[in-house]
Every structure is written in C-alpha cells, then in structure tokens.
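Fair warning: this is a prediction, and the values are worked out from it, not measured in the lab. Whatever order the structure lists them in is the order used to number ligands and atoms, beginning at 1.
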Amino acid sequence: MEQPARLVSYSAMQPTGLPHMGNYLGALQNWVKLQEQYDCIYCVADLHSLTVRQDARQLRKRSREVFILYLAMGVDPERSLVYCQSAVPAHAELAWILNCYAYMGELNRMTQFKEKSQKNTDNINAGLFTYPVLMAADILLYGANIVPIGDDQRQHLEICRDIAERFNNLYGEVFVVPEPYFGEAGSRVMGLQEPEKKMSKSDSANENNIVYLLDTPDVIINKFKRAVTDSGSEIKYSPNDKPGISNLLSIYCAVTGESIDATEAMFDGKGYGYFKLAVGEAVVERARPIRQKFEELGKDKAYIDDLMARHTERTYALAKRILGKVKRKVGLLS
Ligand code: TYM
C-alpha cells in the first residue's frame with residue numbers, strides 16, 4: 001500500500017547574526033522536534049537580510065555558519081532539507097509575482113515594517129516594505145502545512161495566508177494555506193536586561209541582554225547571574241508585575257520541558273540568585289552539545305560544501321513544481 005505523503009514543515013532564519021536563545025527557544029528547537037512527524041525544509045534567509053545594509057564578507061560567513069548551526073542543533077540532513085534562499089532563484093521569482101497580489105494597505109499595517117523603518121530612517125527601502133511577500137513566497141513554494149516561528153512573525157504568517165487565499169480564489173487550489181506553529185513556552189523570549197522588550201539580534205547596545213547559542217558556558221552563566229529581576233523574592237509567573245522572573249521562568253520551561261506550575265513549586269522559597277543560576281545551568285547544558293557539534297562540523301569544509309550543493313539542487317527541484325504551476329495560472333510562458 002502506498003504511504004500517505006507526510007505534511008511539510010517550513011521555516012527560516014535571517015543570517016544577520018548568530019542565533020540567540022530567543023531564536024532557538026522560539027523557533028529553532030521546534031524545527032528539530034517536528035522532524036519526527038513532518039517532512040521539513042529549513043532555509044537560511046539571506047535575501048531577507050539585504051533589507052538592512054550588510055557587510056558582504058560578513059554576510060557570506062554568517063550564512064554558512066547559520067547553515068552549519070542548523071545541522072549542529074539537530075536538523076538531520078538525511079531526513080530534512082537545509083539550504084540557502086539566494087541559491088534557489090524561485091524565491092525571488094515567486095516573490096515578484098506575489099507582489100502583484102499583495103496590497104499596499106496590508107503591508108503598511110505590518111508592525112515589524114513600522115519598527116524597522118523607525119530604526120533605519122536613512123534606509124527605508126522597498127525591500128523592507130515587501131519583506132513579508134518574500135517570506136510568503138518562501139513558505140508557499142513548498143506547500144508548507146506548518147511554519148514553526150516565534151510570536152514576532154505571527155503577523156507575517158497571517159499576510160502569507162491572506163495572499164495564498166486571495167490567489168487560490170482567483171486561480172483554484174494552487175497554494176496550501178499554512179498554519180503557524182508555536183511551542184508551549186519560549187515563543188517570546190525577552191531581553192535579560194530589558195525584560196519588557198523581546199530579545200533581538202538587531203539590539204546590540206547591551207551585550208548582557210542577549211544570550212547566544214554559541215556563547216561559552218562562563219559567558220552564559222554570567223549573563224544569567226546579571227539578569228534583571230523584580231521587586232519581591234517570590235518565583236512566580238506574572239509577566240506584568242514580574243517581567244524579569246517571568247521571562248526566566250519561560251526560558252527554564254522552554255529548555256527543560258517542565259510546566260510553569262511545576263517550576264514555580266520546584267523553586268518555591270529558593271530566592272532569585274539560586275533560580276538565576278539554575279536557569280543559566282539548564283541553558284548551558286542545552287547549548288553545550290550544539291556548540292561542540294558546530295565546531296566539529298565547521299572543520300569539515302568538503303562535507304558542508306557537498307551537502308549544500310546536494311540540498312540546494314533537491315530544494316530547487318521541489319520549488320520549480322509550484323512555481324511552474326503559478327506561472328501557468330497567471331499566464332507566463334514557461
Ligand atoms: P528572524 O531571523 O528574525 O528570527 C528567526 C526565528 O526566531 C524567532 N524569534 C524569537 N522567538 C522568540 N523570542 C524572541 N525574542 C525571538 N526573536 C526571534 C522568530 O520569530 C523566527 O521564527 N522573517 C523571518 C525569517 C523568515 C521566515 C521565512 C520564517 C524568512 N522567510 C519563512 C518563516 C518562514 C525572520 O526575520 O526571522
């Protein structure tokens with residue numbers, strides 16, 4: 001009997017920096033888990049990075065590092081596809097087509113566009129504005145059923161769904177309308193120094209605010225020891241009154257898989273200092289094997305080059321199928 005095809009999980013990260021614990025707990029660790037049930041495709045979204053000025057050498061280096069990091073954290077290249085967005089031209093092609101089915105009004109409502117254009121007043125480029133359309137193209141090219149992301153990408157996924165539905169209403173069932181996937185904890189990790197704001201790669205003002213997946217154990221522990229806490233001494237989840245402790249509780253739960261209630265009970269009466277150290281140690285233990293594997297894989301240039309080439313070819317072959325269908329539907333010669 002023929003096996004039913006598995007559903008597809010698709011996601012991506014920009015190589016504008018190495019992943020921090022927000023990226024990892026909010027999205028990347030779920031990518032790995034979903035391999036059990038889904039056919040997974042994970043992308044290094046380098047084209048998206050061009051919406052903010054990048055140093056060319058640094059971007060190439062980071063793209064490769066992020067590719068290696070996906071493997072190091074457990075994306076299995078025997079089961080899943082990993083590739084770099086710019087190596088598969090179908091993304092840019094579909095993005096252009098979808099631009100003609102996306103409305104200025106809906107793009108104007110994107111909070112990330114508003115935030116980024118406030119931060120980059122000297123470079124509010126058209127790419128920054130149509131960024132969600134390229135993201136929609138990424139997802140729709142592979143018929144993704146679910147998209148594991150952090151909370152800050154929720155609005156982009158909604159616009160992707162709207163574009164897909166609009167296109168399907170005009171041309172029939174061309175695109176799968178994807179669902180977002182959020183983990184139970186960690187979909188919005190906040191800064192350790194500013195727990196009212198999400199942990200973000202573009203915010204490099206205070207390095208103690210961000211914990212990177214590849215930070216050394218000492219650095220991780222120190223950053224957690226310095227984490228801002230709140231008045232009082234109770235370890236209780238209450239994001240409005242206790243943003244610092246609530247963030248640390250979420251991080252602990254996302255790393256260990258424990259529930260908030262069980263964690264509160266476990267640390268009842270233990271004090272902030274003890275708890276901060278425990279969170280730091282849990283993060284260190286999670287990050288340690290990833291860092292080791294990252295260093296090991298980084299030494300094997302031939303293996304990485306070969307894998308990149310093979311996976312790009314397979315991914316492009318998949319992308320061409322849906323792109324071809326779209327082109328026929330809209331009347332382009334193929
Ligand atoms: P990016 O590179 O900003 O972030 C990668 C993933 O990490 C999540 N994330 C967080 N999760 C929890 N807490 C945080 N503080 C935190 N910061 C970031 C993001 O939600 C994301 O899931 N546009 C995307 C990349 C992209 C993409 C795609 C994603 C391009 N094409 C197609 C999904 C599908 C972005 O800039 O993510």
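- Taken together through direct or relayed side-chain contacts under 4.5 Å among Ile, Leu, Val, Met, Phe, Trp and Tyr, Y181 and I139 form parts of separate hydrophobic clusters.
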Could you list, one pair per line, each nitrogen or oxygen of ligand 1 together with any protein nitrogen or oxygen closer than 3.5 Å, giving atom names and the distance rounded to 0.1 Å?
| from | atom 1 | to | atom 2 | distance (Å) |
| --- | --- | --- | --- | --- |
| ligand 1 | 2 (O) | Q14 | N | 2.9 |
| ligand 1 | 2 (O) | K201 | NZ | 3.0 |
| ligand 1 | 4 (O) | N23 | ND2 | 3.3 |
| ligand 1 | 7 (O) | N23 | ND2 | 3.1 |
| ligand 1 | 11 (N) | G22 | O | 3.1 |
| ligand 1 | 13 (N) | V189 | N | 2.8 |
| ligand 1 | 15 (N) | V189 | O | 2.8 |
| ligand 1 | 15 (N) | M199 | O | 2.9 |
| ligand 1 | 20 (O) | G150 | N | 2.9 |
| ligand 1 | 20 (O) | G150 | O | 3.4 |
| ligand 1 | 20 (O) | D152 | OD1 | 2.4 |
| ligand 1 | 22 (O) | G150 | N | 3.1 |
| ligand 1 | 23 (N) | Y131 | OH | 2.8 |
| ligand 1 | 23 (N) | Q153 | OE1 | 3.3 |
| ligand 1 | 31 (N) | D138 | OD2 | 2.6 |
| ligand 1 | 36 (O) | Q14 | NE2 | 2.9 |
| ligand 1 | 36 (O) | Y131 | OH | 2.6 |

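- A cation-pi arrangement, defined by a distance under 6.0 Å to the six-membered ring centre and an angle within 45 degrees of its axis, is present between K320 and Y316.
- For the side-chain contact (heavy atoms from CB on, under 4.5 Å) test with L213, the passing option among M21, H20, R286 is M21; the others fail.
- Between the side chains of D46 and S49, no donor-acceptor pair is found at a separation under 3.5 Å.
- Judged by distance alone, the side chains of Q14 and Y131 do bring a donor and an acceptor atom under 3.5 Å apart.
- For E313, the salt bridge (charged side-chain N to carboxylate O under 4.0 Å, His left out) criterion is met by no residue, not counting sequence neighbours.
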